[in-house]
Trainee: 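Before I ask anything, here is the structure I am working with.
The model shown is predicted, which means the values in this text are computed figures rather than measured ones. Ligands are counted one by one from 1 in listed order, and the atoms in each one are counted from 1 as well.
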Amino acid sequence: MAKTKHTLSVNIPEMDSQHEELYDAVIALKQSSSCVEDLGHIIDAVDAHFKAEEALFEEYKIPNVITHRSEHNRFLATLRKKHAELAARHEAKEDLSEEIRLLVETGIRWLDIHTKAYDAPQYGTFFKEGQYIGN
Ligand SMILES: [Fe+2]
Ligand SMILES: [Fe+2]
């Protein structure tokens, strides 16, 4: 069995650990003294994670992934916009703590809902302990 602490298992250990790493990285933003820089790294990790999932869609011909892909794109676009906005406000020496608190909250909620509503039911059902079991 794949080990997940915070996110629902999608039956692929590598994807489960990516979800856990994203979860931990988002939570760590709360304590970070370099939030803007860290958010940039999180965005890169989110991008890499989505690419890994989308490669699975291709490799195993996972059906009905159009909305799933657009959810990925939409979330990345939102994160990039937020990153640019926070970078500008950081430059202007604004206090970002409330913004970061909200961002962590929304980020965690997105990860939770997306994993439950898209990842697990959509591609997770085609796998067992990392092995493709077909449909
Ligand atoms: Fe995912
Ligand atoms: Fe996904």
Trainee: Give the atom name of whichever N/O/S atom in H19 sits closest to the Fe ion (ligand 1).
Mentor: NE2
Trainee: Please find the N/O/S atom of H49 nearest to the Fe ion (ligand 1) and write down its name.
Mentor: NE2
Trainee: Of the options L39, L29, V36, which is the one that meets I100 in a side chain to side chain contact (heavy atoms under 4.5 Å, CB included)?
Mentor: L29
Trainee: Using the Fe ion (ligand 2) as the apex, give the angle to atoms OE1 (E53) and OD1 (D119), rounded to 10 degrees.
Mentor: 100°
Trainee: Work out which heavy atom in D16 is nearest to a heavy atom in T7; give both atom names and the distance.
Mentor: O-OG1, 4.3 Å
Trainee: With a 4.5 Å limit on heavy-atom distance, are the side chains of D47 and R80 in contact?
Mentor: yes
Trainee: Indicate, with yes or no, if the rings of H19 and H6 have centres closer together than 6.0 Å.
Mentor: no
Trainee: From the Fe ion (ligand 2) out to just under 2.8 Å, does an N/O/S atom of E71 turn up?
Mentor: no
Trainee: Measure the shortest side-chain to side-chain distance between I133 and T125 over non-hydrogen atoms and say whether it is less than 4.5 angstrom.
Mentor: no
Trainee: At the Fe ion (ligand 2), what is the angle formed between atom NE2 of H72 and atom NE2 of H114, rounded to the nearest 10°?
Mentor: 90°
